[in-house]
There are 2 protein chains.
Amino acid sequence: MADGRTGSGFSGDSLLFLTDEQLRQGIEAMFFAYRGFTADPDRILAELAYGRAHHRAIHFINRAPGTTVNNLLAILGVTKQSLNRVLRTLIADGLVESRVGKADKRERHLFLTEAGRELESKLSDAQRARMRAAYKEAGPEAVTGFRQVLEAMMDVDMRRAHSKLRDGTS
Amino acid sequence: MADGRTGSGFSGDSLLFLTDEQLRQGIEAMFFAYRGFTADPDRILAELAYGRAHHRAIHFINRAPGTTVNNLLAILGVTKQSLNRVLRTLIADGLVESRVGKADKRERHLFLTEAGRELESKLSDAQRARMRAAYKEAGPEAVTGFRQVLEAMMDVDMRRAHSKLRDGTS
DNA sequence: AGTTTAAGTCAGCCTTGTTGACATTCCAAG
DNA sequence: CTTGGAATGTCAACAAGGCTGACTTAAACT
């Protein structure tokens with residue numbers, strides 16, 4: 001919007017409308033939107049004395065059941081000490097189960113317990129509800145664009161991790 | 001991509017394609033993209049022993065020079081104690097200047113110093129470069145959709161704050 | 001047998017959120 | 001004019017969750 005700068009000659013002209021000011025607005029929108037994005041789960045987690053770190057672990061274990069600790073580490077992008085602290089409380093609280101690997105006994109495979117799945121649903125429902133509402137408000141075309149920009153904003157390795165999760169729940 | 005579901009007749013049917021699975025993908029995309037979004041500034045900040053909190057403060061002070069602490073508080077959504085700690089170091093390091101209000105001496109008005117503006121540029125340049133690249137890769141139509149969804153995902157008060165920043169730098 | 005890999009632990013640090021207590025300033029009601 | 005409450009900002013102390021580094025245990029590879 002704003003300056004409708006149409007029909008310039010060259011093909012690189014999709015760049016012309018990207019003023020620094022508009023990029024800044026995109027940056028701020030990302031900041032504010034991310035807050036909204038995490039707000040609902042945060043409220044639920046606060047009651048349980050958990051944090052976002054627990055949410056992330058639960059989310060990805062649910063997404064890829066049986067994943068190993070190392071695998072999770074790569075996805076979450078934290079150190080194993082940091083993850084371990086969170087994982088330990090989740091296992092102690094009976095939300096996550098850790099099974100020794102059959103093929104490779106060094107590995108631990110992670111699963112959600114029934115209670116874990118319950119909390120996952122609760123968190124996920126809240127977050128999806130907001131997502132759904134936003135998608136609905138913006139319309140289907142906007143959603144496609146949204147996903148394209150997000151995808152392009154990731155680091156390459158994350159893009160791989162993301163499409164791996166998308167396709168096969170190996 | 002995937003299912004190109006074009007030219008539907010009515011507007012309400014935009015809901016049909018929002019399976020839980022697709023919402024989940026959106027959620028994950030948001031998570032991974034936010035990491036990319038902050039990655040470049042984070043690297044710069046790490047060298048200076050600053051964190052994201054410093055970046056946010058610098059960003060919004062630059063955006064609305066002369067803003068009060070209270071104002072900034074509302075935008076950043078943290079407690080004043082938390083902000084104060086960050087602000088103190090920025091002032092001590094000569095990046096931010098705090099002037100006592102003329103009308104109301106309780107208020108402090110915040111400005112970036114020359115050094116502050118310099119760091120702001122450096123951080124902003126990095127972040128904008130990634131944003132610009134993502135926008136370019138996704139195309140102008142996608143950008144519009146991206147912004148629409150983000151806007152719809154914010155809490156209402158943040159939407160107000162955002163458009164206030166967009167329009168007048170009061 | 002020796003090396004590498006997966007996982008876990010302990011200790012200690014930093015950033016950045018929180019609450020609680022407190023000083024200063026302003027303003028309005030008595 | 002004074003006084004008490006509200007607003008603004010500061011200081012202190014604590015917790016979550018990142019980080020690094022050093023180390024152990026067990027299993028797998030070579």
Side-chain angles (χ1 to χ4, degrees), chain A residues 31 34-35 38-39 41-61 66-93 96-111, chain B residues 31 34-35 38-39 41-61 66-93 96-111:
Chain A
F31 169 66
Y34 197 78
R35 275 245 296 277
T38 56
D42 279 356
R43 265 188 290 274
I44 296 171
L45 291 158
E47 290 171 14
L48 304 171
Y50 289 143
R52 260 180 227 179
H54 300 84
H55 184 190
R56 291 196 284 263
I58 288 174
H59 175 100
F60 285 108
I61 292 173
T67 189
T68 63
V69 172
N70 237 356
N71 221 309
L72 205 49
L73 241 41
I75 289 175
L76 295 176
V78 297
T79 58
K80 83 182 152 170
Q81 294 89 333
S82 199
L83 174 59
N84 197 256
R85 190 179 0 193
V86 166
L87 230 37
R88 216 183 317 168
T89 72
L90 289 176
I91 291 170
D93 295 354
V96 167
E97 193 190 347
S98 161
R99 298 185 206 150
V100 174
K102 274 175 191 158
D104 189 334
K105 288 182 196 161
R106 289 173 305 179
E107 294 179 339
R108 300 296 133 88
H109 299 275
L110 303 170
F111 299 87
Chain B
F31 169 66
Y34 197 77
R35 276 245 296 277
T38 57
D42 280 355
R43 266 188 290 273
I44 296 171
L45 291 158
E47 288 171 15
L48 303 171
Y50 289 143
R52 260 179 227 179
H54 299 87
H55 183 191
R56 291 195 283 262
I58 287 174
H59 175 99
F60 286 108
I61 293 172
T67 190
T68 62
V69 173
N70 230 4
N71 223 307
L72 206 49
L73 240 44
I75 288 175
L76 295 176
V78 297
T79 57
K80 69 184 161 172
Q81 294 88 334
S82 194
L83 173 59
N84 195 256
R85 185 183 329 114
V86 166
L87 233 35
R88 216 184 317 164
T89 74
L90 290 175
I91 291 170
D93 295 352
V96 167
E97 194 190 346
S98 160
R99 298 183 204 152
V100 173
K102 276 175 191 158
D104 189 333
K105 288 181 194 162
R106 289 172 302 181
E107 293 179 341
R108 300 295 132 90
H109 297 275
L110 303 169
F111 300 87

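All chains are named by letter (A, B, ...) in the order of the sequence lines, taking the proteins before the strands, and each is independently numbered beginning at 1. No hydrogens, no waters, no symmetry mates; every other heavy atom, side chains included, goes into these values.
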Write down the distance between [atom1] ([X]) and [atom2] ([N]), rounded to a whole number of angstrom.
| X | N | atom1 | atom2 | answer |
| --- | --- | --- | --- | --- |
| A/His55 | D/dG18 | NE2 | P | 14 Å |
| A/Leu90 | C/dG8 | CG | P | 13 Å |
| A/Arg56 | D/dA16 | CZ | C1' | 11 Å |
| A/Lys105 | D/dC29 | NZ | P | 12 Å |
| A/Arg52 | C/dT16 | CZ | P | 14 Å |
| B/Leu45 | D/dG18 | CG | P | 18 Å |
| A/Leu110 | C/dA7 | CG | C1' | 11 Å |
| B/Leu83 | C/dG17 | CG | P | 9 Å |

Practice item. Mind listing the closest non-hydrogen atom pair of A/Leu45 and A/Gly51 along with its distance? Key: CD1-O, 3.6 Å
Study note, to complete from the structure: Heavy-atom closest pair (A/Arg108 atom, A/Ser98 atom, distance to 0.1 Å) is CB-OG, 3.6 Å
Check your understanding: Any donor-acceptor pair under 3.5 Å linking the side chain of B/Arg35 with the backbone of A/Leu76?
Key -> yes
Review point. Residues in ring-ring contact (aromatic ring centres under 6.0 Å, His included) with A/Tyr34, at least two apart?
Key: A/Phe37, B/Tyr34
Review point. Any chance the side chains of B/Thr89 and B/His54 put a donor and an acceptor closer than 3.5 Å?
Key: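 Yes - a donor-acceptor pair under 3.5 Å links their side chains.
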Exercise for review: Any pair with a residue in residues 47-60 of chain A that passes salt bridge (charged side-chain N to carboxylate O under 4.0 Å, His left out), sequence neighbours left out, goes on the list, sorted by first then second residue, please.
Suggested key: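 Only A/Asp42-A/Arg52 qualify under salt bridge (charged side-chain N to carboxylate O under 4.0 Å, His left out).
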Exercise for review: Please determine if a side-chain N or O atom of A/Ser82 lies less than 4.0 Å away from the OP1 or OP2 oxygen of D/dG17.
Suggested key: no
Review point. Can you find a side chain N or O atom of B/His54 that sits less than 4.0 Å from OP1 or OP2 on C/dT16?
Key: yes
Review point. Is A/Arg99 salt-bridged to A/Glu97, going by a charged N under 4.0 Å from an acidic O?
Key: yes
Review point. Considering only side-chain heavy atoms of B/Val78, which listed nucleotide, D/dC19, C/dT25, C/dT18, is closest?
Key: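 Among the listed nucleotides, the one closest to the side chain of B/Val78 is C/dT18.
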Revision key, fill the gap. Given protein heavy atoms under 4.0 Å, the one-letter contact record of nucleotides 5-13 of chain D, with B base, S sugar-phosphate only and - none, is simply -BBBBBBB-
Exercise for review: Scan A/Gly77 against the nucleic acid and name what it touches under 4.0 Å (heavy atoms): base, sugar-phosphate only, or nothing.
Suggested key: sugar-phosphate
Point to revise | Touch class at under 4.0 angstrom, heavy-atom based, for A/Ala103 against every strand present | key: sugar-phosphate
